[in-house]
There are 2 protein chains.
Amino acid sequence: MGIRADYVTRPREWIASILAREPRFLSAAQIHQGLERVGARVSLSTVYRTLDRLQAKGDITARPDADGEVTYMLCEPSRHHHHAICRACGRVEDVDCAAMEQFAESLRALNGFELDGHAIEFFGKCGACR
Amino acid sequence: MGIRADYVTRPREWIASILAREPRFLSAAQIHQGLERVGARVSLSTVYRTLDRLQAKGDITARPDADGEVTYMLCEPSRHHHHAICRACGRVEDVDCAAMEQFAESLRALNGFELDGHAIEFFGKCGACR
DNA sequence: ACCTCATTTGCGAACTATTCGCAAAAATCC
DNA sequence: GGATTTTTGCGAATAGTTCGCAAATGAGGT
């Protein structure tokens with residue numbers, strides 16, 4: 001049955017390079033615009049399909065923004081960490097904080113709640129934007 | 001100019017009662033279905049408008065779910081707290097943890113990052129679902 | 001380089017969630 | 001109850017995302 005190959009194509013390389021070049025959560029539309037700006041014409045459908053694929057592979061993290069529009073960013077899922085997001089420029093900095101992990105662990109017994117995951121996001125202004 | 005009154009109407013009461021009865025994040029569509037199930041016929045438009053209004057008043061919290069669909073829950077914004085969300089039933093329990101606040105505060109100097117807010121969500125199984 | 005075949009792409013249509021405009025209905029106040 | 005303002009319902013419009021299918025492209029063998 002379905003032998004599933006994994007072709008290397010221009011659109012996929014282009015999309016990956018857009019994602020690789022900025023530490024920000026980008027919407028499909030923003031990525032599409034970024035591609036146009038570089039002269040790479042790729043359909044929006046392909047952008048969406050490629051993002052789905054990258055997410056399935058675990059190469060990117062998806063996150064609906066405040067308005068519900070889904071945004072994506074390159075992000076190693078293996079190393080567990082959290083994000084600090086600049087309210088001004090959107091730059092995302094990784095926060096790899098052992099103490100925080102430890103703290104989250106200590107909440108397992110919380111309210112009879114069997115904790116199996118958590119998400120933490122910090123907001124503020126990054127060094128450059130202050 | 002626009003004297004802005006604030007009428008008390010059936011639809012608004014019904015919608016509020018739907019929200020009041022369950023400690024879960026509900027989408028506009030789910031609220032609309034809940035209304036139908038109770039025999040209250042209210043248009044989806046009104047559900048959206050009422051939710052916008054409640055959010056503006058600060059009575060409810062909005063949160064896009066994993067798929068980007070926006071969900072709403074009654075939630076006092078005054079008392080700062082976080083949420084523990086059951087993966088099985090969606091029940092939300094408030095986590096009012098002073099120690100966590102304190103911890104978040106201690107991160108203000110993080111990476112030259114001027115911290116002005118944060119969001120924390122815990123996931124797991126609530127007591128009833130275990 | 002060429003052929004074959006599976007995979008991927010682009011396009012436009014379809015879908016879903018949400019918003020908007022406007023006339024009819026309901027709430028408030030006197 | 002009547003006048004006035006707000007709210008509602010409806011259907012159309014919009015925005016983000018998904019889907020179907022024919023044409024284009026990548027991979028591998030010759």
Side-chain angles (χ1 to χ4, degrees), chain A residues 1-19 24-73 90, chain B residues 1-19 24-73 90:
Chain A
M1 333 261 119
I3 299 173
R4 167 199 292 219
D6 218 345
Y7 289 11
V8 176
T9 68
R10 305 282 176 68
R12 287 180 183 170
E13 291 176 331
W14 291 333
I15 290 168
S17 80
I18 292 282
L19 285 168
R24 284 169 182 65
F25 279 95
L26 300 173
S27 67
Q30 289 176 315
I31 292 169
H32 188 241
Q33 289 160 19
L35 290 166
E36 282 191 334
R37 222 172 293 125
V38 180
R41 67 176 172 61
V42 179
S43 74
L44 199 47
S45 301
T46 296
V47 173
Y48 276 109
R49 281 182 294 224
T50 302
L51 290 170
D52 286 349
R53 176 188 211 73
L54 289 172
Q55 192 180 6
K57 286 209 310 175
D59 289 347
I60 65 179
T61 294
R63 182 186 96 93
D65 71 9
D67 304 321
E69 192 173 6
V70 183
T71 58
Y72 306 84
M73 189 181 70
Chain B
M1 339 247 118
I3 300 174
R4 169 198 289 220
D6 218 347
Y7 290 10
V8 175
T9 67
R10 306 282 176 66
R12 287 180 183 169
E13 291 176 330
W14 290 334
I15 290 168
S17 82
I18 292 282
L19 285 168
R24 283 168 184 66
F25 279 96
L26 300 174
S27 67
Q30 289 175 316
I31 292 169
H32 188 241
Q33 288 160 20
L35 289 167
E36 282 190 335
R37 221 171 294 124
V38 181
R41 68 176 169 59
V42 179
S43 75
L44 200 47
S45 301
T46 296
V47 173
Y48 276 110
R49 282 182 293 224
T50 302
L51 289 170
D52 287 348
R53 176 189 211 73
L54 289 172
Q55 193 180 5
K57 287 209 307 172
D59 289 347
I60 65 179
T61 294
R63 182 186 94 94
D65 71 8
D67 303 321
E69 193 174 5
V70 183
T71 57
Y72 306 84
M73 190 181 71

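Just so it is clear, the structure is predicted and the values come from calculations on it, not from any experiment.
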Closer than 4.0 angstrom, basic N to acidic O: yes or no for D59(A) and R53(A)?
no
Listed partners of E36(B) passing side chain to side chain contact (heavy atoms under 4.5 Å, CB included), at least two apart
H32(B)
What residue pairs, at least two apart or across chains, pass side-chain hydrogen bond (donor to acceptor under 3.5 Å, both in side chains) with a residue in residues 61-71 of chain A?
R63(A)-E121(A)
Spacing of R12(A) atom CZ relative to dT7(C) atom P, expressed in whole Å
11 Å
Spacing between L51(A) atom CG and dG16(D) atom C1', to the nearest angstrom:
13 Å
Would the base of dT5(D) count as contacting Y7(B) through its side chain, where contact means a donor and an acceptor less than 3.5 Å apart?
yes
Identify the two heavy atoms, one from P64(B) and one from G68(A), that lie closest to each other, and give their separation to 0.1 Å.
CB-CA, 4.0 Å
To the nearest angstrom, how far is R53(B) atom CZ from dT19(C) atom P?
15 Å
Mind checking side-chain hydrogen bond (donor to acceptor under 3.5 Å, both in side chains) for S43(B) and listing every partner two or more places apart, or none if nothing turns up?
T46(B)
Once side chain to side chain contact (heavy atoms under 4.5 Å, CB included) is applied, do any residues pair with D52(B), and if so which ones, sequence neighbours excluded?
none
Rounded interatomic separation in angstrom, taking CD from Q30(A) and P from dT17(D):
11 Å
To the nearest 0.5 Å, atom CD1 of I31(A) lies from atom OH of Y48(A) at 9.5 Å
Figure out the CZ/C1' separation between R10(A) and dG26(D), and round it to whole Å.
10 Å
Excluding sequence neighbours, so at least two apart, what forms ring pair (Phe, Tyr, Trp, His ring centres under 6.0 Å) with F25(A)?
H83(A)
When the distance from CD of E13(A) to C1' of dT7(C) is rounded to whole Å, what number comes out?
15 Å
Do any of residues 63-73 of chain A sit with a heavy atom less than 4.0 Å from DNA chain D, and if so which?
E69(A), V70(A)
State which residues pass side-chain hydrogen bond (donor to acceptor under 3.5 Å, both in side chains) with R12(A); sequence neighbours excluded, sorted by chain then number.
none
CG of L54(B) versus C1' of dT7(D): gap in Å, rounded?
14 Å
Return the angle between end axes of the helix from dA1(C)-dT30(D) to dC30(C)-dG1(D), with five pairs used per end and rounding to 10°.
40°
How long is the line joining CG of L35(A) and P of dT9(C), in whole Å?
12 Å
Please name all residues satisfying side chain to side chain contact (heavy atoms under 4.5 Å, CB included) with A40(A), sequence neighbours left out, ordered by chain then number.
W14(A), L35(A)
Which atom pairs link the protein and nucleotides 9-14 of chain D when you take only N or O atoms and keep those under 3.5 Å?
| from | atom 1 | to | atom 2 | distance (Å) |
| --- | --- | --- | --- | --- |
| dG9(D) | OP1 | R41(B) | O | 3.3 |
| dG9(D) | OP2 | S43(B) | N | 2.9 |
| dG9(D) | OP2 | S43(B) | OG | 3.2 |
| dG9(D) | OP2 | T46(B) | OG1 | 2.7 |
| dG9(D) | N7 | R49(B) | NH2 | 2.7 |
| dG9(D) | O6 | R49(B) | NH1 | 3.1 |
| dC10(D) | N4 | S45(B) | OG | 3.2 |
| dG11(D) | O6 | S45(B) | OG | 3.3 |

For R24(B), enumerate each residue passing the salt bridge (Lys or Arg N to Asp or Glu O under 4.0 Å) test, keeping only those at least two apart in sequence or located in another chain.
E22(B)
Phosphate oxygens OP1/OP2 of dT19(C): is one of them under 4.0 Å from a side-chain N or O of Y48(B)?
no
